[in-house]
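Just so you know, these numbers use all the heavy atoms, side chains as well, and skip hydrogens, waters and symmetry mates. Just so we're on the same page: letters track the sequence lines, and every chain starts at 1.
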Amino acid sequence: MSKLKNYTMSSLALFIGMIVLLIAADVLYMISWDVGPKEIFEILSSKEVISAFHLSIFTSLITLVLILLTAIPVGYALSRYKFKGHSFVNTFVDVPIVLPPIVLGLSLLAFFGTPFGGVVKEIINKFCDGLHVTIMSVLNLTKGTSIGGHFVWFWSGIDLGVDGAFGIIMCQYLVSVSYCIRSAKSAFEQVPRNYEDVALTLGCSEGMAFKKVTLPLAKNGIIAGGIMAWARAIGVFGPLMVFVGTGRSVQVMPTHMWLHLNIGNVEAALVVSMVTMLIAGMAITFVHWFAHGRHWQ
Amino acid sequence: MSRLKITDLHLTAGKFKVKDVNLDIDDHQYFVLMGPTGSGKSLLLKAICGLMPVEAGSIHMRDREITKLEPKDREIGYVPQNSGLFPHLSVLDNITFSAIVAGESHEDALKDSKNAIAKLEIAHLLGRSVVNLSGGETQKVALARALARNPQLLILDEPVSAVDEPTRKEICAVLSDIQTEFKITTIHVCHSREEARSVSDTIGVMAKGELLETGLIDELEKESKHPEIIRLLGTTTKGAQ
């Protein structure tokens with residue numbers, strides 16, 4: 001083996017070993033503290049964990065939809081149109097990635113602390129309250145069934161406003177959206193402009209050419225970026241602590257873990273973190289599957 | 001009767017300009033546009049197709065001005081460099097694409113394309129993915145797709161630049177047959193004199209954004225004094241002596 005191959009392969013092995021060691025440490029810690037399947041089941045079936053899990057999934061899925069709605073047009077504009085200040089805008093899109101997450105939380109706090117932000121907050125809260133009432137009245141019709149009852153329990157305890165789910169979604173969105181924009185931009189760049197030109201001469205409008213040709217060809221890259229952004233969103237912690245806090249109705253998986261740690265319940269925090277790791281692992285597996293055109297390499 | 005008439009056309013793409021192009025192509029004519037790389041041929045084709053804005057001048061198809069029409073309303077079949085076949089669609093879906101976009105059923109769309117499919121002998125390819133086609137097959141499918149909706153004008157941007165010599169000859173023969181059979185006015189861009197000769201006897205030569213001369217290839221070979229034309233046609237003419 002060449003020296004270069006020796007060095008690079010050793011670095012790769014070392015890096016993989018480090019990740020495996022970290023995961024193994026969690027498992028070993030739990031074993032050493034006699035945390036068995038029974039204890040794991042007890043922790044995971046507690047109302048607080050289930051509620052945090054539900055809220056994490058609910059908010060992060062809405063965040064994912066918002067991320068895709070942003071990343072697809074923004075990624076397309078950046079990849080296709082040359083305009084004054086293109087390089088600046090292209091760099092600016094990455095700002096949320098390089099900002100310390102806590103700064104985003106602080107900025108949100110500052111924005112909603114201004115008179116204008118206060119008005120915006122009031123409007124959003126009013127809308128969210130109305131939405132909550134509507135959802136509850138629909139859900140109450142299904143209260144008798146087991147699934148319906150389950151949803152009523154979750155929705156009755158949720159705060160949809162700026163200090164609740166809306167705030168969580170904003171934090172998740174701001175931290176993660178740039179990852180998907182980057183991915184969408186590079187996916188669109190890989191679709192030659194030629195294809196759109198031909199589609200236009202074959203009877204498509206610009207919108208139709210985008211829908212029928214460009215979007216399907218960029219799909220895998222966009223989905224991979226969306227999953228990556230979603231996995232990032234579900235793990236957001238810093239801005240949440242600053243902006244929405246750790247109240248019972250706003251606890252998502254990361255804040256729930258932190259609360260367990262705060263009271264010295266390391267085992268429970270580790271069990272919840274294993275679930276988060278599992279979700280992240282599944283997400284990254286899907287990212288690779290989509291990035292390679294939906295087959296393994 | 002003139003099928004395509006371009007008058008005083010000016011185009012700008014970044015710092016490159018196509019200047020003062022005047023061109024008249026007759027009905028059912030097979031016209032070859034030659035010129036070195038970067039001479040503005042592809043830009044001119046794109047302007048005819050409506051894929052780039054015209055700065056000044058006009059384009060008429062028969063008596064209809066199409067200068068400002070959307071590409072979809074121009075009735076032009078366009079085969080770009082490297083064919084532009086959509087890799088996520090099958091051969092059949094590529095060929096019937098324009099009919100499906102126009103709202104036709106798959107059966108009607110296939111019926112519309114039957115003639116071109118038969119003439120190009122590609123019926124056996126219909127179920128295949130375009131990704132696995134050979135160079136010659138790719139060009140035939142791209143041609144069938146461009147012909148599917150009976151366009152008034154067929155534009156071929158270096159249609160045989162990416163194929164080997166025997167395939168080039170085969171495709172050029174097919175192009176000539178198609179033009180005769182469908183009686184379709186055609187503009188074909190190429191770099192090689194042999195390729196031009198194999199499909200047509202009328203050419204135009206572009207260089208540095210200008211259409212230098214148009215005429216019969218034999219006449220241009222013998223009479224043109226323009227150094228760029230002499231270089232491109234590779235002959236010893238009076239102009240070169």
Side-chain angles (χ1 to χ4, degrees), chain A residues 68 72 75-87 89-90 183-226 289-297, chain B residues 13-14 42-43 45-52 66 69-89 93-104 109 112-113 129-131 141-158:
Chain A
L68 289 174
I72 293 172
Y76 184 80
L78 285 173
S79 77
R80 283 292 192 263
Y81 306 124
K82 296 287 164 237
F83 48 85
K84 250 189 182 172
H86 183 276
S87 305
V89 173
N90 196 25
S183 184
K185 177 180 176 269
S186 100
F188 284 127
E189 275 168 350
Q190 282 166 31
V191 180
R193 187 67 201 246
N194 242 358
Y195 294 142
E196 281 171 61
D197 285 349
V198 174
L200 292 176
T201 64
L202 290 171
C204 286
S205 61
E206 277 187 287
M208 210 187 277
F210 175 77
K211 196 176 126 196
K212 286 194 171 287
V213 178
T214 319
L215 196 56
L217 288 171
K219 186 181 65 187
N220 285 342
I222 295 169
I223 293 176
W289 191 54
F290 274 105
H292 293 142
R294 276 186 275 172
H295 53 78
W296 300 113
Q297 285 190 344
Chain B
S42 294
L43 277 186
L45 296 192
K46 284 192 169 187
I48 297 170
C49 290
L51 299 171
M52 72 168 299
I66 60 163
L69 285 186
E70 293 282 311
K72 64 186 169 74
D73 300 322
R74 296 192 180 209
E75 298 178 77
I76 292 175
Y78 172 55
V79 179
Q81 286 178 28
N82 305 321
S83 83
L85 288 180
F86 306 137
H88 62 301
L89 299 179
D93 290 339
N94 264 282
I95 294 173
T96 57
F97 185 86
S98 54
I100 300 293
V101 163
E104 283 188 26
D112 279 356
S113 319
S129 157
V130 297
V131 179
V141 173
L143 201 55
R145 182 178 66 176
L147 290 168
R149 299 282 286 171
N150 299 316
Q152 300 287 308
L153 176 70
L154 181 63
I155 289 184
L156 311 166
D157 193 356
E158 299 186 28

* Inter-chain contacts: residues 74-88 of chain B against chain A, heavy atoms under 4.5 Å -> B:I76, B:Y78, B:P80, B:Q81, B:G84, B:L85, B:F86, B:P87, B:H88
* Using a cut-off of 6.0 Å, state whether more than 12 heavy atoms not belonging to A:K82 lie near its atom NZ. => yes
* Structure fact -> Between the OG1 atom in A:T201 and the CG atom in B:L153, the distance rounded to the nearest 0.5 Å is 11.0 Å
* CG on A:L202 to OG1 on B:T96, rounded to 0.5 Å -> 10.5 Å
* Asked: Rounded to the nearest 0.5 Å, what separation is found between the CG atom of B:D73 and the OG atom of A:S205?
  -> 10.5 Å
* Structure fact -> Bottom line for A:K212: the part with an atom under 4.5 Å from chain B's heavy atoms is both
* **Leading residue by heavy atom contact count with chain B [cutoff under 4.5 Å; candidates A:V191, A:N194, A:V198]** => A:V198
* To do: Dump the intermediate steps for side chain to side chain contact (heavy atoms under 4.5 Å, CB included) on B:F97 and A:V213, then the final yes or no.
  => CA-CA 10 Å; B:F97 185 86; A:V213 178; 3.9 Å; yes
